[in-house]
Number of protein chains: 2
Amino acid sequence: MHINFDLLDSLSDNTLHVKKGTYLYRKADASTCIMLIHSGSLKTVYSFQGTQEHRVDDFHIKKDIIGLDAMMDSYYSTDAVALEDTIVKAVSYEKLSHCTSRSAEVVEMLDTLKARFMSRKEETRGILNNLRAEARMAAFFISIISRMANIGYSNQEIQLKMTNKDIANFLGVKGETISRAKRSLVKTGAIAWEKKNFKILDFQILNQIVNPRFTH
Amino acid sequence: MHINFDLLDSLSDNTLHVKKGTYLYRKADASTCIMLIHSGSLKTVYSFQGTQEHRVDDFHIKKDIIGLDAMMDSYYSTDAVALEDTIVKAVSYEKLSHCTSRSAEVVEMLDTLKARFMSRKEETRGILNNLRAEARMAAFFISIISRMANIGYSNQEIQLKMTNKDIANFLGVKGETISRAKRSLVKTGAIAWEKKNFKILDFQILNQIVNPRFTH
DNA sequence: CGCGGCCTTGAGAAATGTCAATGCGAGTGG
DNA sequence: CCACTCGCATTGACATTTCTCAAGGCCGCG
């Protein structure tokens with residue numbers, strides 16, 4: 001099913017501006033709404049008590065909905081940090097519950113959003129199952145560029161706002177390994193890369209790195 | 001919230017007996033019900049088209065509910081294979097939808113089940129984020145024994161029905177690495193282990209292996 | 001009893017982590 | 001506007017870990 005962004009937009013009763021590096025919400029916060037990313041991007045992060053350690057759960061781009069975990073589990077499981085100046089539109093649970101009793105479309109849309117949230121979790125787990133850093137990296141590129149393409153951006157070029165360290169943390173490897181994996185991917189001709197800008201040159205190579213079983 | 005197993009049991013309209021090594025359902029199957037594991041255990045597996053490759057998604061034990069992915073996403077995302085002779089009780093969507101219009105408890109229970117399904121996904125992802133095989137292994141032991149304890153089994157002893165290879169696949173490492181990690185955990189005194197039977201001797205050591213940051 | 005799959009163990013190859021030095025760039029304050 | 005600073009990114013050398021391949025033992029099943 002296709003998500004009706006205009007409908008969501010019309011339901012929103014609050015627009016939030018989040019400066020780069022600041023929190024949209026924290027784990028402990030009471031949750032009262034789901035949020036549609038209008039522009040910008042964020043990361044969600046698991047923090048561990050008693051240490052400075054944290055783990056990047058996922059990255060969220062324009063037209064993603066965040067806060068669904070709280071709706072399903074009654075509390076946020078992560079902190080949300082803006083990767084750049086970001087604008088989100090909030091739709092309160094209150095408004096949603098009003099709508100769900102009247103509009104079948106809203107009910108169906110919420111179910112679709114939850115299902116997508118699930119698939120996304122499974123996808124990120126899939127990325128981690130491959131131990132090779134290059135394969136994780138390639139899977140990451142394919143994933144993020146597909147999502148960009150879905151919302152109308154180029155299906156070849158990306159500008160990544162997150163740091164190398166964030167990507168490393170997300171993929172479960174060290175920053176230095178990301179540096180080397182990127183250089184390696186450039187050398188094979190799979191991607192081009194300058195500063196924060198990436199370009200996919202050869203999807204087939206990228207796919208083969210993710211799934212080496214198809215090569216022989 | 002606590003799951004009312006008796007209620008679920010009373011809703012079930014079908015009892016299925018699944019022989020060891022056979023399928024409870026396959027990815028392509030039409031899904032009509034969720035299932036409560038009455039006795040035994042299963043693994044769910046992602047299969048990749050065109051190859052023999054597969055990836056163990058998760059293990060499911062007594063009192064787990066499986067088939068929720070299909071309810072949320074309208075199709076099974078995995079195959080389910082019995083690890084031993086297993087009995088499940090099926091609750092059809094049809095019956096559930098009848099109940100949800102009348103019983104607030106059933107609605108709430110379904111929401112709780114979905115939320116747990118989500119947390120479980122996040123937990124398994126967390127296990128994979130640590131690259132060290134020993135750490136993954138330790139996290140796996142802690143996870144599985146907690147779940148066993150939750151349903152009334154010993155919180156120290158486990159009999160694992162899955163093969164080494166299944167565990168290896170689940171944890172994203174090779175079978176040989178599992179052998180060595182187990183031997184290593186035994187040597188540190190964290191676990192005892194004979195054949196398929198495991199015993200947790202020292203939770204603190206196990207936790208420190210998962211989270212080395214707490215040690216110094 | 002023999003077969004086949006699983007598990008263990010060893011040795012060497014490949015990949016990632018760790019540590020350290022340097023370069024780079026965005027953001028800060030003068 | 002410039003200089004400074006701090007965190008991030010890159011690169012190299014070496015340590016650690018896992019993978020790969022191979023051999024042998026064990027166990028369940030026909």
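The sequence lines fix the lettering, A, B, ..., with proteins before strands; numbering per chain opens at 1.
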Pick the nucleotide of DNA chain D nearest each of B:Gly172 and A:Trp193; which residue has the one closer to the 5' end?
A:Trp193
Interatomic distance, [X] [atom1] vs [N] [atom2] [rounded to whole Å]:
{"X": "A:Lys195", "N": "C:dG23", "atom1": "NZ", "atom2": "P", "answer": "17 Å"}
{"X": "A:Leu171", "N": "C:dT16", "atom1": "CG", "atom2": "C1'", "answer": "14 Å"}
{"X": "B:Glu194", "N": "C:dC7", "atom1": "CD", "atom2": "C1'", "answer": "15 Å"}
{"X": "B:Leu160", "N": "C:dC6", "atom1": "CG", "atom2": "C1'", "answer": "15 Å"}
{"X": "B:Lys19", "N": "D:dC29", "atom1": "NZ", "atom2": "P", "answer": "12 Å"}
{"X": "B:Asn169", "N": "C:dG5", "atom1": "CG", "atom2": "C1'", "answer": "16 Å"}
{"X": "A:Lys174", "N": "D:dT10", "atom1": "NZ", "atom2": "C1'", "answer": "17 Å"}
{"X": "A:Lys187", "N": "D:dT10", "atom1": "NZ", "atom2": "C1'", "answer": "14 Å"}

Would you please classify the geometry between the A:Phe141 ring and the A:Phe198 ring as parallel, tilted or perpendicular, with 30° and 60° separating the classes?
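Judged by the thresholds at 30° and 60°, the geometry between A:Phe198 and A:Phe141 is tilted.
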Whether B:Lys20 and B:Asp85 form a salt bridge (side-chain N of Lys/Arg under 4.0 Å from carboxylate O of Asp/Glu) is what I want to check.
no
[X] side chain, from C-beta outward: closest of [options]:
{"X": "B:Asn164", "options": "C:dC7, C:dG10, D:dT10", "answer": "C:dC7"}
{"X": "A:Thr163", "options": "C:dG17, C:dT9, D:dC8", "answer": "D:dC8"}
{"X": "B:Val173", "options": "C:dG25, C:dT18, D:dC19", "answer": "D:dC19"}
{"X": "A:Ser179", "options": "C:dT16, D:dC19, D:dT10", "answer": "D:dT10"}

Using only side-chain N and O atoms of [X], determine if any of them is under 4.0 Å from OP1 or OP2 of [N].
{"X": "A:Lys20", "N": "C:dG27", "answer": "yes"}
{"X": "B:Lys165", "N": "C:dG5", "answer": "no"}
{"X": "B:Lys196", "N": "D:dC27", "answer": "no"}
{"X": "B:Arg132", "N": "D:dT17", "answer": "yes"}
{"X": "A:Arg180", "N": "D:dT10", "answer": "no"}

Could you walk me through whether B:Glu134 and B:Arg132 pass the salt bridge (charged side-chain N to carboxylate O under 4.0 Å, His left out) test, one step at a time?
CA-CA 5 Å; B:Glu134 257 181 67; B:Arg132 290 202 71 229; 3.7 Å; yes
Take A:Asp64 and A:Arg147 through the salt bridge (charged side-chain N to carboxylate O under 4.0 Å, His left out) test and state the conclusion after the steps.
CA-CA 9 Å; A:Asp64 277 344; A:Arg147 291 163 65 200; 2.8 Å; yes
Run through A:Lys27, A:Arg125, A:Lys121, A:Lys43 and flag the one making a salt bridge (charged side-chain N to carboxylate O under 4.0 Å, His left out) with A:Asp57.
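Answer to the salt bridge (charged side-chain N to carboxylate O under 4.0 Å, His left out) test with A:Asp57 among A:Lys27, A:Arg125, A:Lys121, A:Lys43: A:Lys121.
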Has the side chain of A:Glu176 got a donor or acceptor atom sitting under 3.5 Å from an opposite partner on the base of D:dC8?
no
